2 protein chains.
Amino acid sequence: MSQPISIKDIARKFKCAPSTISRALNDHPAINIETRKTIQEYATRIGYQKNTISLSLLNKQSKTLGVILPTMAHFHESSMVEGMEKILQPAGYLLNICVTNESHALERAYMDRLVANRVDAICISLSQETYDKNRNDHIDHAISRALPLIFMDRFYHAQNLDQVITDDYQGAFLATEHLIQMGCRRIAHLHGPKGITVSQQRFKGYLDCLQKYQLPFYPELLAHVSFSADSAVEATMSLMDHQPDGIFGVNDEVCFGAMKVIREKNIRIPEEIALVGFDDIPLAQFAYPPLSSVSRQSRKIGEETALLFLAKIDGQQENKQISLEPQLIIRESSKKRII
Amino acid sequence: MSQPISIKDIARKFKCAPSTISRALNDHPAINIETRKTIQEYATRIGYQKNTISLSLLNKQSKTLGVILPTMAHFHESSMVEGMEKILQPAGYLLNICVTNESHALERAYMDRLVANRVDAICISLSQETYDKNRNDHIDHAISRALPLIFMDRFYHAQNLDQVITDDYQGAFLATEHLIQMGCRRIAHLHGPKGITVSQQRFKGYLDCLQKYQLPFYPELLAHVSFSADSAVEATMSLMDHQPDGIFGVNDEVCFGAMKVIREKNIRIPEEIALVGFDDIPLAQFAYPPLSSVSRQSRKIGEETALLFLAKIDGQQENKQISLEPQLIIRESSKKRII
DNA sequence: AAAAATCATGCAAACGTTTGCATTCGTTTG
DNA sequence: CAAACGAATGCAAACGTTTGCATGATTTTT
């Protein structure tokens with residue numbers, strides 16, 4: 001494997017100092033304009049490519065961001081990444097993307113690696129295990145080394161840190177309220193994985209909304225699922241024994257699972273059971289019937305995170321908490337009456 | 001922002017040479033066992049983290065892979081990434097993920113940046129524009145600098161390069177054959193974006209299968225879509241004028257779009273029109289009716305790509321072309337008769 | 001007691017690039 | 001003619017780590 005060409009190689013060719021080559025390539029006015037041209041031409045011709053590693057070492061910045069995500073399988077996460085790239089590519093940043101698979105150990109390992117790699121910041125969506133075990137040493141560690149750390153998507157309890165999240169509580173409240181307004185009185189909830197803040201917040205929004213409208217909360221109308229459609233099948237079956245007239249799902253995928261079960265039981269949607277999901281994935285409107293959902297502007301979370309980072313390295317001192325407003329998108333799956 | 005602690009800082013503390021610290025931290029037997037322990041303890045206590053950048057510079061390897069993708073929005077791509085991570089994380093590699101949005105210019109820019117960053121290899125899924133414009137200089141350039149380059153998912157015409165792809169042709173053939181065996185005689189095809197090899201291969205598989213079974217190809221039963229469900233709506237409407245009795249979609253999303261149109265026209269699936277998609281996304285089985293699809297083992301593409309890379313840096317010389325066998329998953333959407 | 005072996009540590013170069021401060025010219029100015 | 005100036009280039013240090021070789025100190029062997 002041939003070594004890449006370095007500035008020193010070029011210097012040897014021109015019988016001059018590496019500093020001259022460096023300046024010539026950077027169009028430094030101190031270098032004779034003719035010399036500059038000649039060197040630049042030669043460099044492009046032989047395909048010289050600057051070694052950014054040495055630059056990172058020198059300037060103590062890698063122009064790279066670490067991104068730690070629990071998973072990438074859902075539309076939500078990949079949209080966030082796309083949003084980040086959209087802002088950060090023009091700014092010259094690369095992304096180191098790490099998928100923890102909700103494992104605390106992996107999250108830790110990746111965190112260490114990113115720190116060792118001297119990324120300019122870490123954007124993290126905490127893993128479920130980190131919540132469960134409540135082990136935050138790696139987080140505190142990162143904070144203590146003054147490495148910009150931005151919590152993305154999933155809330156971290158500590159006050160006053162940089163966070164970009166959606167108001168899940170508000171979104172869940174909107175969804176539940178809508179079902180109530182459509183006439184539902186026995187609203188079931190497909191509850192996300194325990195311990196995950198996202199699940200808890202959505203459950204809380206659902207609960208508080210029931211209370212506001214003085215509807216009782218029936219524990220038998222609660223079923224736990226993971227975030228997959230698959231997991232919703234069994235959960236929904238168990239719900240069916242208790243005659244719900246509406247279902248609020250922790251995300252759209254589980255609603256797809258629920259709808260399948262409901263259809264197979266020949267129960268009509270939305271007449272007998274209305275449904276609202278969360279995330280507004282692109283396929284939501286192609287469900288049968290089209291699925292109402294709460295959009296949380298996944299792409300925008302990524303964009304805002306990127307912008308927050310840029311502001312931060314631009315000298316902005318105070319930490320910022322950005323909460324994006326969710327939007328209720330109403331489709332057939334919840335239209336029990338004309339609105 | 002406090003500077004991270006370096007080996008030199010520790011050396012100063014212990015009034016010894018940096019080399020001693022380095023060896024101590026790496027558990028080098030030449031260093032007194034007691035000294036080693038003391039230094040290691042001190043290092044962990046003050047939170048020393050090795051600077052991998054300097055190591056990369058020294059060892060001429062960054063332990064990082066560049067991954068260039070046209071998009072991340074689909075299950076297929078994020079699964080590939082997850083597959084890569086699964087293999088590469090234990091091997092100590094990080095991923096630099098770049099989304100080109102199918103733009104040639106961005107692909108070029110990212111390529112340069114990754115080369116400048118001295119990634120150990122680049123895994124690329126070519127952008128549509130690169131195919132369209134047939135501009136491969138950046139590719140040839142990378143190849144000429146002996147940087148391991150692995151084509152992932154999308155085929156590159158040059159022979160004898162490293163490639164990990166699915167046999168799209170074969171998958172399309174299987175899907176079409178299945179529709180024929182189910183009794184379809186007027187099979188429409190929702191053709192993917194022009195110029196993309198994936199689209200072309202699937203179209204070719206469809207065509208050749210029709211021919212094998214001596215069925216005529218009706219140009220009016222061809223409609224072009226992007227990869228989104230949305231784009232399939234209009235396309236399917238236009239098809240409906242020509243009474244297809246089966247549809248083979250370039251991916252699952254477009255089939256969701258098609259199914260919505262068909263349902264709204266009160267045409268029965270699969271009795272009047274049978275459908276088969278491609279990718280076998282997790283929601284396919286939750287379509288109404290459950291969608292038959294060709295699985296292309298997205299995750300496995302990522303895993304194989306990672307393994308190919310590992311073999312490569314392990315000294316394997318010859319290039320390898322890996323083609324993964326697609327699998328037809330039969331569900332309700334195509335079951336016109338009992339099988 | 002001298003030679004040899006063992007142990008622990010230090011020196012310095014290397015990786016590729018940038019940059020403040022010389023240095024070496026040749027030219028202009030008083 | 002000397003002093004000052006300007007242009008073009010070179011020197012060397014710096015970033016953080018590793019590693020072959022040398023050095024010095026102690027112990028073992030003959």
Side-chain angles (χ1 to χ4, degrees), chain A residues 1-40 43 46-64 92 112-113 115-120 145, chain B residues 1-40 43 46-64 92 112-113 115-120 145:
Chain A
M1 177 128 82
S2 62
Q3 295 298 327
I5 299 117
S6 80
I7 273 193
K8 288 185 187 176
D9 297 328
I10 306 184
R12 224 167 292 131
K13 210 68 149 191
F14 282 86
K15 294 188 200 307
C16 68
S19 50
T20 306
I21 306 293
S22 168
R23 279 187 258 252
L25 293 178
N26 292 321
D27 239 346
H28 194 290
I31 304 296
N32 185 301
I33 181 79
E34 307 257 325
T35 321
R36 257 187 274 168
K37 290 269 174 271
T38 325
I39 294 179
Q40 285 169 14
I46 64 170
Y48 167 78
Q49 266 286 8
K50 180 188 300 222
N51 184 333
T52 5
I53 295 185
S54 69
L55 270 183
S56 302
L57 189 58
L58 194 59
N59 302 333
K60 290 159 176 302
Q61 60 159 324
S62 58
K63 284 275 183 179
T64 299
D112 282 349
R113 178 67 204 285
V115 169
N117 258 33
R118 298 294 190 268
V119 292
D120 295 342
R145 57 175 78 240
Chain B
M1 178 129 84
S2 61
Q3 294 298 329
I5 299 118
S6 80
I7 273 193
K8 288 185 188 176
D9 297 328
I10 305 184
R12 223 166 291 132
K13 210 69 149 193
F14 281 86
K15 294 187 200 307
C16 69
S19 51
T20 306
I21 306 294
S22 168
R23 280 187 258 253
L25 293 178
N26 292 321
D27 239 346
H28 195 290
I31 303 296
N32 186 300
I33 180 81
E34 307 256 326
T35 321
R36 258 187 273 168
K37 290 268 174 269
T38 325
I39 294 179
Q40 286 170 12
I46 64 170
Y48 166 78
Q49 267 286 8
K50 182 188 300 224
N51 183 333
T52 7
I53 296 185
S54 69
L55 269 183
S56 301
L57 188 58
L58 194 60
N59 301 335
K60 291 160 176 300
Q61 59 160 323
S62 58
K63 285 277 184 178
T64 299
D112 282 349
R113 178 68 204 284
V115 169
N117 258 32
R118 298 294 189 270
V119 292
D120 295 343
R145 57 174 77 240

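Nothing here was measured: the structure is a model prediction, and the numbers come from that model. Naming: A, B, ... by sequence-line order, numbering from 1 per chain.
Across the protein-nucleic acid pair, A:Ile7 atom CD1 and C:dT19 atom P stand 11 Å apart, rounded to whole Å. Computed from coordinates, the A:Lys8 NZ to C:dA13 P distance equals 12 Å when rounded to whole Å. When the P atom of D:dA7 is taken as reference, atom CD of A:Glu34 falls 16 Å away, rounded to whole Å. Counting to the nearest Å, the P atom of C:dT17 and the CG atom of A:Leu25 are 9 Å from each other. Atom CD in A:Gln3 sits about 9 Å away from atom P in C:dC15, given to the nearest Å. Distance CG (A:Asp9) to P (C:dG16): 8 Å, rounded to an integer number of Å. At whole-Å resolution of the value, CD1 in B:Ile39 and P in C:dA8 are 13 Å apart. Going from atom CG of A:Leu57 over to atom C1' of C:dT18 covers 12 Å, rounded to whole Å.
Residue-level contact check: B:Ser22 touches the bases, meaning some heavy atom is under 4.0 Å from a base atom. Within the 4.0 angstrom heavy-atom criterion, only backbone atoms of the sugar-phosphate kind lie near B:Lys60; the bases stay farther away. When heavy atoms are screened at a 4.0 angstrom cut-off, A:Asn26 is found touching the sugar-phosphate backbone but no base atom.
Taking the side chain to side chain donor-acceptor pair (under 3.5 Å) definition, one finds that A:Ser56 meets it with nothing, sequence neighbours left out. Contacts of B:Lys13 classified as side chain to side chain donor-acceptor pair (under 3.5 Å), with partners at least two apart in sequence or in another chain: none. Partners of A:Thr20 under the side-chain contact (heavy atoms from CB on, under 4.5 Å) rule, at least two apart in sequence or in another chain, are A:Cys16, A:Ala17, A:Ile31. When the salt bridge (Lys or Arg N to Asp or Glu O under 4.0 Å) test is applied to B:Asp27, the partners found at least two apart in sequence or on another chain are B:Arg36.
Within residues 47-56 of chain A, the residues approached by DNA chain C to less than 4.0 Å at the level of any non-hydrogen atom are A:Tyr48, A:Lys50, A:Asn51, A:Ser54, A:Leu55, in residue-number order.
No side-chain donor-acceptor contact under 3.5 Å links B:Asn26 to the backbone of B:Arg23. Proximity of a side-chain donor or acceptor of A:Gln61 to a complementary backbone N or O of A:Asp120 within less than 3.5 Å is not detected.
Residues A:Phe14 and A:Thr38 come closest through the heavy atom pair CE2-CG2, 4.1 Å. Minimum heavy-atom separation, A:Gly92 to B:Arg113: O-NH1, 2.7 Å. Residues B:Ile53 and A:Leu57 approach most closely at CG2-N, 3.8 Å, considering heavy atoms.
If you find the closest nucleotide of DNA chain C to B:Leu58 and to B:His28, the one lying nearer the 5' end belongs to B:His28.
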Every protein N/O lying under 3.5 Å from an N/O of nucleotides 8-12 of chain D:
from: D:dA8; atom 1: OP1; to: A:Asn32; atom 2: ND2; distance (Å): 3.4
from: D:dT9; atom 1: OP2; to: A:Asn32; atom 2: N; distance (Å): 3.2
from: D:dG10; atom 1: OP2; to: A:Ala17; atom 2: N; distance (Å): 3.0
from: D:dG10; atom 1: OP2; to: A:Thr20; atom 2: OG1; distance (Å): 2.4
from: D:dG10; atom 1: O6; to: A:Arg23; atom 2: NH2; distance (Å): 2.8
from: D:dC11; atom 1: N4; to: A:Ser19; atom 2: OG; distance (Å): 3.1
from: D:dC11; atom 1: N4; to: A:Arg23; atom 2: NH2; distance (Å): 3.4

